[in-house]
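Reading through the structure tokens given below for one structure.
The first residue of the sequence shown is numbered 1, and numbering continues consecutively from there. Start at 1 and go down the list; that is how both ligands and their atoms are numbered.
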Amino acid sequence: MGYRETYDRWKDDPEAYWLEQAKAIDWDLAPKKALFDRGDDIYEWFADARVNTCYNAVDRHVEQGNGKRVAVIYDSPITGKKSTLTYSELQAQVAALAGALKAQGVEKGDRVVIYMPMVPEALQAMLACARIGAIHSVVFGGFASSELAVRIDDCKPKAIIAASCGLEPGRVVEYKPLLDGAIEQAEHKPEVCIIFQRGQCPCELIRGRDIDWYAAQDGVRPAPCEPVEGNHPAYILYTSGTTGAPKGVVRPTAGHLVALNWTMKNIYNVEPGEVFWAASDVGWVVGHSYICYAPLIAGNTTVVFEGKPVGTPDAGTFWRVIEEHNVASFFTAPTAIRAVKREDPDGEEIKKYDLSSLRALYLAGERADPDTVEWAQDKLGKPVYDHWWQTETGYTIVGNPAGLEALPVKVGSPSVPMPGYDVQILDESGQPQPPGELGAIAIKLPLPPGTLPGLWNAEERFRKSYLTTFPGYYETGDAGMIDEDGYVWIMARTDDVINVAGHRLSTGAMEEALAGHPDVAECAVVGVSDALKGQMPVGFLCLTKGVDRPEAEIVEECVTRVRDQIGPVAAFKQAVVVDRLPKTRSGKILRATMVKIADGEDFKPPATIDDPAILDEIHDALARIGYPKG
Ligand code: COA
Ligand code: AMP
């Protein structure tokens, strides 16, 4: 059955469609009903079922006789280490760690924060939580202590599982001081921290609170899989919103299993036993869905890659991994391909490797610019599929369902809505727009299985962020259009979220950090275009009256502040001092206009601007730091 027929089948009877897909999951109690309408635009899927995620991702493959199949390949060009774990080995390891969590008093529904780099133990920790129904919340290693502290205070973990360090090229990132700092800052204190010591940087354990990874597992009874209700939260993953406080996206257990399993064949076109590789990080949604859960649920082999697209050791790393491990389907962010292209424009590294195992390259996480897509298509000689999704959905909203039917690629568009998603373009009053018209991208409710049923402990924020602007729809926060052929084009965010090297960041959070500087009276952060990272943050600082310290000194302190408070991942390196910020007469900062000036684009000042002369000042300030580029 092709794409159109499948999409129509879903649309004719969504519940029957998803109940059919649910048959691929091993249930303790199979769902009798697919959708539960909880009223007021809140929906849940498969709430009457009972199931265990870890059982479906690990144990069932062993029971089906595939215990010797490789579940996880670890390839770390940073340490020079490579290893594999079979499904049987993974099962034993996960059961032991789950037993350790139990022995430490962690029960179903308790939260566990995971702060780990790209090592197989990170997957082991996630699956161990899933095994006993504990709700994990993985925090990306590039965030600073205060971001970790905010997450600890929001989800109140009973336990934290952390590694002693992460490894960045040329730099050991000591996690333990960051962890200790976060716990000190947070009001909520975890009862126990299980610490995975890495040889590169062992750390001191705090007596009475910390316990060594292996010591914690010593002599404990391996824990069995505990079935949970279909709507039990599998995990919480924090993502950036408009304000500084991150949003805790909740992932429901049963829908997550059904939907992710569906994607492995229909989108990524892999069969059980084949190698699937997502070069991302477990701290992001791509890592949750496509390094850990989906490939394992579908019985694939997943690759845990601890390295960078370039510099570990060169721009051929991706192609080496694909050849060496027979990767059939490869997923990364456009920025990673841009980094490779910049170092190896002629694709000389690609020629050195046998990429015959590879069927296609999948890109997501940010806009896939046509230059990058075309370069990859040309140099790899394989289809390149852009696909659009969000932390909130956990998997593709709009993509090219290559396993169902490979549709013609239109470079610049991620293609078409997947079954489950009724994607519409709305104008400001919520009216659906005809093909070719720009507008806000919204999805008609209910969202499909696996997508967020809410935000952790923040129902009002959930409604305000996603449900109230367009009644009956989920507001994606992206703007774009749908063309005559039904292809969706993603143009821009409608909020203050920016995307730096495929990482979703809040300019609001950066502004909060800057505003805390004693000499800063007012500030704004915008995302300007960047040839490598897609966008880069630039700060505008208005100083407090009477401050007469050198501006460069204040700028440097501000850069350090953002790095210390949000983390290196914010990549906040540039700020300028200005007298005033451009605003509308009602006081709204004209961020989009500032971006246009920085990008050297033509623009018309909005009619509501308070004082157009300020735009010249912004132009001059940006010129001082080299904008517009080129
Ligand atoms: N732990 C600690 N620090 C981290 C980190 C981690 N897990 N990940 C990144 N950082 C740090 C980096 O060391 C860097 O620090 P620096 O300012 O001291 O140099 C900073 O955060 C910015 O990192 P990054 O965005 O990775 O930029 P880069 O210049 O080091 O590398 C790319 C550029 C394009 C190679 C890199 O961004 C990349 O691989 N991107 C792909 C992103 C991706 O997979 N996204 C997932 C969505 S699908
Ligand atoms: P995240 O939640 O971190 O995955 O970020 C989701 C956001 O990244 C989306 O709302 C988009 O703004 C952007 N994004 C993700 N994938 C794409 C894509 N394929 N094309 C354009 N933007 C994308």
Contact atoms of ligand 2, heavy-atom distance to [X] under 4.0 Å:
| X | value |
| --- | --- |
| T391 | 1 (P), 2 (O), 3 (O), 4 (O) |
| R493 | 9 (C), 10 (O), 12 (O) |
| N499 | 8 (O), 13 (C) |

With a 4.0 Å cut-off on heavy atoms, is E366 in contact with ligand 1?
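Flag not set, E366 not near ligand 1.
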Exercise. Does ligand 1 have an atom under 4.0 Å from some heavy atom of T332?
Worked result: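 False for this residue.
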Hey, is [X] touching ligand 2 through its side chain, its backbone, both or neither, going by heavy atoms under 4.0 Å?
| X | answer |
| --- | --- |
| W389 | backbone |
| D386 | side chain |
| H503 | neither |

Backbone, side chain, both or neither: what part of [X] comes under 4.0 angstrom of ligand 1, heavy atoms only?
| X | result |
| --- | --- |
| A279 | backbone |
| R171 | side chain |
| A571 | neither |

Review point. How about atom 11 (C) of ligand 1: does it have a protein heavy atom within less than 4.0 Å?
Key: yes
Exercise check, heavy-atom protein proximity under 4.0 Å to atom 31 (O) of ligand 1 | no
**Prompt:** Hey, does D478 come in under 3.5 Å of ligand 2, counting only N/O atoms on both sides?
**Reply:**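 The answer is yes, given that D478 and ligand 2 share an N or O pair closer than 3.5 Å.
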I490 versus ligand 2: do any nitrogen or oxygen atoms come within less than 3.5 Å of each other?
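Looking only at distances, the answer is no, because the N/O contact criterion of under 3.5 Å is not met.
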Quiz item: So, do F318 and W277 have ring centers that fall under 6.0 Å from each other?
Solution: yes
Any salt bridge linking [X] with [Y]? Criterion: basic side-chain nitrogen under 4.0 Å from a carboxylate oxygen.
| X | Y | value |
| --- | --- | --- |
| R591 | E511 | yes |
| D371 | R338 | no |
| R151 | E147 | yes |

For ligand 1, which atoms, with element, lie under 4.0 Å from some heavy atom of K308?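 Every atom of ligand 1 under 4.0 Å from some heavy atom of K308: 8 (N), 9 (C), 26 (O).
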Original post:
Are K247 and Y466 linked by a side-chain donor-acceptor pair shorter than 3.5 Å?
Top reply: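 Looking only at side-chain atoms, Y466 and K247 do form a donor-acceptor pair, the distance falling under 3.5 Å.
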Polar side chain donor-acceptor pair, E475 to T469, under 3.5 angstrom: yes
Please state which protein non-hydrogen atom is closest to atom 16 (N) of ligand 2 and give its distance, to 0.1 Å?
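Atom 16 (N) of ligand 2 sits closest to the protein heavy atom G365 N, 3.1 Å.
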Exercise. Between W284 and F140, what is the ring plane arrangement, given parallel below 30°, perpendicular above 60°, and tilted in between?
Worked result: tilted
